[in-house]
Number of protein chains: 2
Amino acid sequence: MLWIVYQEKSAAIYAIEVISGKWRLPIMLELSVHESMWYNEFKHHLDGISNIMLTRALQDLETNGLIQRKELAQLPRHVEYSLTAGCQQLLGVLDMINEWEGFIIRLYHP
Amino acid sequence: MLWIVYQEKSAAIYAIEVISGKWRLPIMLELSVHESMWYNEFKHHLDGISNIMLTRALQDLETNGLIQRKELAQLPRHVEYSLTAGCQQLLGVLDMINEWEGFIIRLYHP
DNA sequence: CTGTATCCAGTCCGATACTG
DNA sequence: CAGTATCGGACTGGATACAG
């Protein structure tokens, strides 16, 4: 996580760094579809994720300003997660990759 | 590297996967500036990289269709690396992130 | 010049169990 | 419901030495 230091740190390198990880992008993509989700909803939508991995990913994403956490004072507890505006912009850029039909094929048959 | 399987595999997730790693993006960015480079040139431009890390990164990028390797039959040996067309398109998208002045700041102060 | 072989340390990922 | 604690195992990064 220090490799952005001696290269001139670019926003793109930083962005790739904070979204790298097994569950981060899948979580962000779920949030981009559902607007807001609570903890257990992720467990239903992300096949195979465990508590510890979900918690870690959510905390990392929050630390890096990609998602917001909002705890509603209720019983039973209810915590709501949603994307920040910056993250929505970032996903907008990444989604351009999806819009290229055949991107992966083109990669292998240039 | 298996996490793209049980999520519906999207091109964006695949793209992030193949460019994740400490040296891959820095290598690609150098190549986008210099058109083509040979092995030792990378060692001069990428501060702190070792032979083994450079070799691994170059091989991974080639395997994933992001760079091309061209060995010129000479003595001393001379091997030339360059970006594929698909990789140039991908970098074009990522560069949009750099063009947002204040992207990182916006992330933290939404 | 362009790599490969070893071998080790640090990170990341995750099953299982437990908590307020 | 929304997490935390623990403890491995897998993967990634890298120093050093060597090779065609």
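Order of the sequence lines fixes the chain letters, A, B, ..., with proteins taken first and strands second; residue numbering starts at 1 for each chain. From a predicted model like this one, the values you see are computed outputs, not experimental measurements.
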Given [options], which nucleotide is nearest the side-chain atoms of [X]?
X       : options                : value
B:Val79 : C:dT6, C:dG3, D:dA5    : C:dG3
B:Arg56 : C:dC7, C:dC13, D:dG3   : C:dC7
A:Arg77 : C:dC1, D:dT4, D:dA2    : D:dA2
B:Asn51 : D:dA17, C:dA15, D:dA15 : D:dA17
A:Thr55 : C:dA5, C:dA15, D:dT4   : D:dT4

Roughly, in whole Å, what's the span from [atom1] in [X] to [atom2] in [N]?
X       : N      : atom1 : atom2 : value
A:Leu72 : D:dG3  : CG    : C1'   : 15 Å
A:Met53 : D:dA10 : CE    : C1'   : 12 Å
A:Leu25 : C:dC12 : CG    : P     : 17 Å
B:Leu54 : D:dA15 : CG    : P     : 13 Å
B:Ile27 : D:dG13 : CD1   : C1'   : 13 Å
B:Trp23 : D:dA15 : CH2   : C1'   : 14 Å
B:Leu46 : D:dG13 : CG    : P     : 14 Å
A:Glu62 : D:dA2  : CD    : C1'   : 14 Å

Handout entry: For the student: nearest non-hydrogen atoms of B:Ser82 and B:Glu35, plus distance
Key = CB-O, 3.6 Å

Problem - Ring geometry between A:Trp38 and A:His78 (parallel below 30°, tilted from 30 to 60°, perpendicular above 60°) - result: tilted

Completion exercise
salt bridge (Lys or Arg N to Asp or Glu O under 4.0 Å) filter on B:Arg77, not counting sequence neighbours, yields B:Glu71

Problem - A:His78 or B:Ile49, whichever maps to the more 5' nucleotide of DNA chain D - result: A:His78

Separation of [Y] [atom2] from [X] [atom1] (nearest 0.5 Å):
X       : Y       : atom1 : atom2 : result
A:Leu25 : A:Glu30 : CG    : CD    : 11.0 Å
B:Ile19 : A:Ile16 : CD1   : CD1   : 4.0 Å
B:Trp23 : B:Ile49 : CH2   : CD1   : 5.0 Å
A:Leu54 : A:Tyr81 : CG    : OH    : 7.0 Å

Practice task
Report yes if at least one side-chain N or O of A:Tyr81 is closer than 4.0 Å to OP1 or OP2 of D:dG3; otherwise report no.
Solution key: yes

Exercise for the section: Answer yes or no: does a side-chain N or O of A:Gln59 lie under 4.0 Å from OP1 or OP2 of D:dT4? Expected result: yes

Handout entry: Strand-adjacent residues in residues 36-44 of chain B, judged by heavy atoms under 4.0 Å from DNA chain C
Key = B:Trp38, B:Tyr39, B:Asn40

